[in-house]
Visitor: 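Mind having a look at this structure? Questions to follow.
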Amino acid sequence: QPGSAFKPFVYVAALESGFTAASRIEDSPVSYPIGGGNVWKPENYDRKFRGATTLQQALEESVNVVTVKLQERIGVNRTVQVARRLGVTSPLDVNLSMALGTSDLTLLELTSAYGVLANQGTWMPPTTIRYVTNAQGQLLEEHVPQGREALTPETAYLITHMMRGVVERGTGQAARTLGRPI
């Protein structure tokens, strides 16, 4: 399960639906009936609520409740469509908990999907062998992956910019010690 690593897909779907990084959603208690008289009450990791929260802040701080409410507003199918365009082929739990990364994905799928963000919206199929040469260096076989646009370059830029805040101000600050753009 990718957990919070899945959240950017929800935010991409939101950007494509007309939300902006400055859009606000109330981080407050919420509950959803899940059948059999049971109720699901998503919680934030720190068990605190922030009130009106921008999407930028919610992504930076990995705010579960805002992400679930956002998922509810845009519709689960939009996020599924985004994930599929980004190369996710595994079955997805088509419910609100999907926003919190409850579906099983392979590391290759997740890495490939994140590659779209770094590649200005172009998805490239994972390729294990690019070319084969003989001992004399002659090309025997070549595999050139053909990319396709999965996101507009503008959307890829926006979500990448939003995700930078995760490292600069949010839950990923420890990664700054690497001393390189992340």
Side-chain angles (χ1 to χ4, degrees), residues 1-21 55-56 58-62 67 70-71 74-182:
Q1 293 181 328
S4 292
F6 193 85
K7 287 178 181 174
F9 306 154
V10 177
Y11 288 84
V12 165
L15 291 172
E16 292 180 344
S17 299
F19 285 84
T20 71
L55 298 191
Q56 177 71 47
L59 184 59
E60 287 177 6
E61 297 177 12
S62 194
T67 305
L70 179 63
Q71 180 66 90
I74 63 174
V76 175
N77 288 333
R78 284 188 187 264
T79 302
V80 170
Q81 291 169 358
V82 166
R84 297 294 183 228
R85 288 195 330 257
L86 299 182
V88 173
T89 58
S90 291
L92 297 172
D93 299 328
V94 184
N95 57 49
L96 292 177
S97 72
M98 176 182 66
L100 305 181
T102 57
S103 299
D104 292 331
L105 303 183
T106 68
L107 181 58
L108 183 60
E109 285 176 302
L110 193 58
T111 304
S112 175
Y114 268 73
V116 172
L117 308 181
N119 203 23
Q120 300 172 349
T122 301
W123 178 80
M124 298 296 287
T127 305
T128 54
I129 299 174
R130 292 287 308 266
Y131 59 89
V132 178
T133 59
N134 63 16
Q136 291 74 41
Q138 294 173 308
L139 185 65
L140 301 176
E141 192 175 329
E142 184 174 25
H143 302 276
V144 180
Q146 298 298 311
R148 62 170 167 72
E149 185 176 278
L151 301 177
T152 65
E154 295 83 4
T155 301
Y157 173 83
L158 286 172
I159 193 67
T160 301
H161 183 73
M162 288 174 71
M163 289 173 63
R164 280 193 185 120
V166 175
V167 174
E168 292 171 3
R169 296 173 295 280
T171 57
Q173 290 184 49
R176 288 189 300 188
T177 61
L178 295 174
R180 57 178 34 177
I182 298 176

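These numbers come from a predicted model, not from an experiment. FYI, the numbering just counts along the sequence from 1.
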Visitor: Of the non-hydrogen atoms in Ala13 and Ile74, which two are nearest, and what is the gap between them?
Guide: CB-CD1, 3.5 Å
Visitor: Please find the pair of heavy atoms, one from Thr102 and one from Gln1, that lie closest to each other, and give the distance.
Guide: O-NE2, 2.7 Å
Visitor: Do other residues, nucleotides or ligands put more than 12 heavy atoms under 6.0 Å from His161 NE2?
Guide: no
Visitor: Could you tell me if the side chain of Glu141 sits less than 4.5 Å from the side chain of His143, heavy atoms only?
Guide: yes
Visitor: Keeping the roles fixed (side chain from Thr177, backbone from Ala174), state whether a donor-acceptor pair exists under 3.5 Å.
Guide: yes
Visitor: Would you call the rings of Phe9 and Phe6 parallel, tilted or perpendicular, where under 30° means parallel and over 60° means perpendicular?
Guide: perpendicular
Visitor: What is the minimum heavy-atom distance between Arg130 and Pro145, and which atoms define it?
Guide: NE-CD, 4.0 Å
Visitor: Any side-chain to backbone donor/acceptor pair from Thr128 onto Pro126? Under 3.5 Å, distance only.
Guide: no
Visitor: Quick one, Val76 and Leu96 - any side-chain contact, counting heavy atoms below 4.5 Å?
Guide: yes
Visitor: Can you tell me if Ile129 has over 12 outside heavy atoms packed within less than 6.0 Å of its CD1?
Guide: no
Visitor: Between the side chains of Arg78 and Gln81, is a donor N or O closer than 3.5 angstrom to an acceptor N or O?
Guide: no
Visitor: Of all heavy-atom pairs between Pro2 and Leu110, which one has the smallest distance, and what is that distance?
Guide: CB-CD2, 4.0 Å
Visitor: Using the side chain to side chain contact (heavy atoms under 4.5 Å, CB included) rule, take Val80 and Met98 through it: C-alpha gap first, then chi angles, then the decisive distance, then the call.
Guide: CA-CA 9 Å; Val80 170; Met98 176 182 66; 3.8 Å; yes
Visitor: Does some side-chain heavy atom of Leu86 sit less than 4.5 Å from a side-chain heavy atom of Leu151?
Guide: yes
Visitor: Give a yes or no on whether the backbone of Glu109 and the side-chain of Thr106 come within a donor-acceptor separation of less than 3.5 Å.
Guide: yes
Visitor: So, taking the atom named CE in Met163 and the one named CD in Glu168, what distance separates them when rounded to the nearest 0.5 Å?
Guide: 12.5 Å
Visitor: Quick check: does any side chain N or O of Arg176 sit under 3.5 Å from a backbone N or O of Ile182, one acting as donor and the other as acceptor?
Guide: no
Visitor: For Leu117 and Ala156, which heavy atoms make the closest approach, and how far apart are they?
Guide: O-CB, 4.1 Å
Visitor: Any donor and acceptor pair, going by atom type alone, linking the side chain of Gln173 with main-chain N or O of Gly170 inside 3.5 Å?
Guide: yes
Visitor: Looking only at the side chains, is there a donor atom on one of Thr155 and Glu16 sitting less than 3.5 Å from an acceptor on the other?
Guide: no
Visitor: What's the verdict on side chain to side chain contact (heavy atoms under 4.5 Å, CB included) for Leu59 and Ile159, showing C-alpha distance, side-chain angles and the deciding distance?
Guide: CA-CA 10 Å; Leu59 184 59; Ile159 193 67; 4.1 Å; yes
Visitor: With no hydrogens and no angle check, is any side-chain donor or acceptor of Tyr114 less than 3.5 Å from a backbone partner on Ala5?
Guide: yes
Visitor: Measure the OG1-CZ distance between Thr160 and Arg164 for me, rounded to the nearest 0.5 Å.
Guide: 7.0 Å
Visitor: Will you find, in the side chains of Ser62 and Thr171, an N or O donor that is under 3.5 Å from an N or O acceptor?
Guide: no
Visitor: Nearest 0.5 Å, please: how far is CD in Glu149 from CD in Gln120?
Guide: 11.0 Å
Visitor: One pair to check against side chain to side chain contact (heavy atoms under 4.5 Å, CB included): Val116 and Arg85. What are the steps and the verdict?
Guide: CA-CA 9 Å; Val116 172; Arg85 288 195 330 257; over 6 Å; no
Visitor: Say whether, by atom type as modelled, one donor and one acceptor occur between the side chain of Gln56 and the main chain of Met162 under 3.5 angstrom.
Guide: yes
Visitor: Looking at every heavy atom in both Leu139 and Glu142, which two are closest together, and how far apart are they?
Guide: CD2-OE1, 3.6 Å
Visitor: Taking Asn95's backbone N and O only, do any of them form a donor-acceptor pair with Asp93's side chain (distance below 3.5 Å, no angle check)?
Guide: no
